[in-house]
Amino acid sequence: QVQLVESGGGLVLAGGSLRLSCQASGSFLGIGTMNWYRQAPGKQRELVAFISSGGSTNYADSVKGRFTISRDNANNTVFLQMNSLKPEDTAIYLCNCDVRTVFGRLVNYWGKGTLVTVSS
């Protein structure tokens, strides 16, 4: 069984920063692409950023230049550093990863999410 647990969400003022973490636990061989999504009320789920197993990154246009995704393979953790936060960044942020199971299969997992609220 694999679990993803997010942390680091909270309430900040516009212009502030937050650092989200997502750690995978359980039995697995490795983790492929790691993603951060977000979903605000009344809006579709949006892919914010992803990082491949080789370290290649990509970002949604709305967060380019402000957010940075990184990973710590030794601790099975992905981070999202969020700077210059705007009220429109308010959403539940969800971690998503492709996990190589002990049987060699690639399985997609989701965390439960962490709430980020940015006030003006």
Side-chain angles (χ1 to χ4, degrees):
Q1 191 73 23
V2 178
Q3 297 184 40
L4 304 179
V5 180
E6 302 100 332
S7 62
L11 174 64
V12 298
L13 295 174
S17 298
L18 283 174
R19 180 177 168 89
L20 305 183
S21 300
C22 171
Q23 186 169 31
S25 62
S27 297
F28 48 86
L29 298 180
I31 302 175
T33 299
M34 308 179 82
N35 313 279
W36 283 102
Y37 287 81
R38 68 184 181 187
Q39 189 161 25
K43 295 185 178 181
Q44 293 187 353
R45 186 176 299 170
E46 175 188 21
L47 177 61
V48 176
F50 69 81
I51 182 167
S52 72
S53 60
S56 178
T57 61
N58 213 335
Y59 301 89
D61 289 341
S62 59
V63 306
K64 284 182 178 177
R66 300 187 298 120
F67 290 10
T68 302
I69 189 170
S70 61
R71 62 193 291 164
D72 180 355
N73 290 330
N75 292 292
N76 301 310
T77 303
V78 60
F79 304 96
L80 186 67
Q81 178 67 46
M82 305 185 295
N83 298 325
S84 302
L85 283 162
K86 305 174 181 179
E88 49 263 45
D89 294 319
T90 295
I92 295 175
Y93 284 72
L94 303 110
C95 178
N96 174 266
C97 299
D98 291 325
V99 178
R100 183 72 64 182
T101 72
V102 295
F103 301 105
R105 296 186 177 189
L106 199 65
V107 180
N108 189 254
Y109 286 90
W110 288 89
K112 294 183 178 180
T114 185
L115 178 62
V116 172
T117 303
V118 185
S119 65
S120 59

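Keep in mind that the numbers below use all heavy atoms, side chains included, and drop hydrogens, waters and symmetry copies.
- Screening residues 51-102 for ring-ring contact (aromatic ring centres under 6.0 Å, His included), with sequence neighbours left out, gives no hits.
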*Criterion side chain to side chain donor-acceptor pair (under 3.5 Å) on S62 and E46, from CA distance to verdict*: CA-CA 10 Å; S62 59; E46 175 188 21; 3.3 Å; yes
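- At least one side-chain heavy atom of M82 sits under 4.5 Å from a side-chain heavy atom of V116.
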*Let me see the working for V78 and I69 under side-chain contact (heavy atoms from CB on, under 4.5 Å), right down to the final yes or no.*
CA-CA 7 Å; V78 60; I69 189 170; 3.8 Å; yes
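- The main-chain N or O of T33 is never found under 3.5 Å from a side-chain atom of R71 such that the two would form a donor-acceptor pair.
- A salt bridge links D61 to K64: at least one charged side-chain nitrogen sits closer than 4.0 Å to a carboxylate oxygen.
- A donor-acceptor pair is defined here as one N or O able to donate and one able to accept, closer than 3.5 Å; such a pair exists between the side chain of N96 and the backbone of Y109.
- Counted within 6.0 Å of CD on E88, heavy atoms from surrounding residues, nucleotides or ligands total more than 12; the atom is thus considered enclosed.
- In this structure, S120 OG and K86 NZ are separated by 13.0 Å, a value rounded to the nearest 0.5 Å.
- Between the CE atom of M34 and the CD1 atom of I51 there is a distance of 8.5 Å, given to the nearest 0.5 Å.
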_Test log, rule side-chain contact (heavy atoms from CB on, under 4.5 Å), inputs E6 and L20_ = CA-CA 7 Å; E6 302 100 332; L20 305 183; over 6 Å; no
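- The two residues T77 and N75 have their closest heavy-atom pair at OG1-O, 2.8 Å.
- Looking at every heavy atom in both residues, A24 comes nearest to I31 through CB-CD1, 3.7 Å.
- The SG atoms of C22 and C97 lie 2.5 Å or more from each other.
- Residue pairs meeting the ring-ring contact (aromatic ring centres under 6.0 Å, His included) criterion with at least one partner in residues 6-48, sequence neighbours excluded, are Y37-W110.
- Proximity of L11 to S119: side-chain heavy atoms (C-beta onward) are separated by under 4.5 Å at one or more points.
- In terms of modelled atom types and a separation under 3.5 Å, the side chain of T90 and the main chain of V118 share a donor-acceptor contact.
- For the pair R100 (side chain) and L29 (backbone), a donor-acceptor distance under 3.5 Å is absent.
- L94 CG to L4 CG: the interatomic distance, rounded to the nearest 0.5 Å, is 10.5 Å.
- Counting only distance, with no hydrogens or angles, the side chain of Q23 and the backbone of N76 share no donor-acceptor pair below 3.5 Å.
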*Given S17 and Q81, is the side-chain contact (heavy atoms from CB on, under 4.5 Å) satisfied, shown in steps?*
CA-CA 8 Å; S17 298; Q81 178 67 46; 4.0 Å; yes
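- Counting heavy-atom neighbours within 6.0 Å of Q3 CD, excluding the residue itself, gives a total of 12 or less.
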_Could you go through R38 and L80, starting from their C-alpha distance and side-chain angles, then the distance that decides it, and tell me whether this counts as side-chain contact (heavy atoms from CB on, under 4.5 Å)?_
CA-CA 12 Å; R38 68 184 181 187; L80 186 67; over 6 Å; no
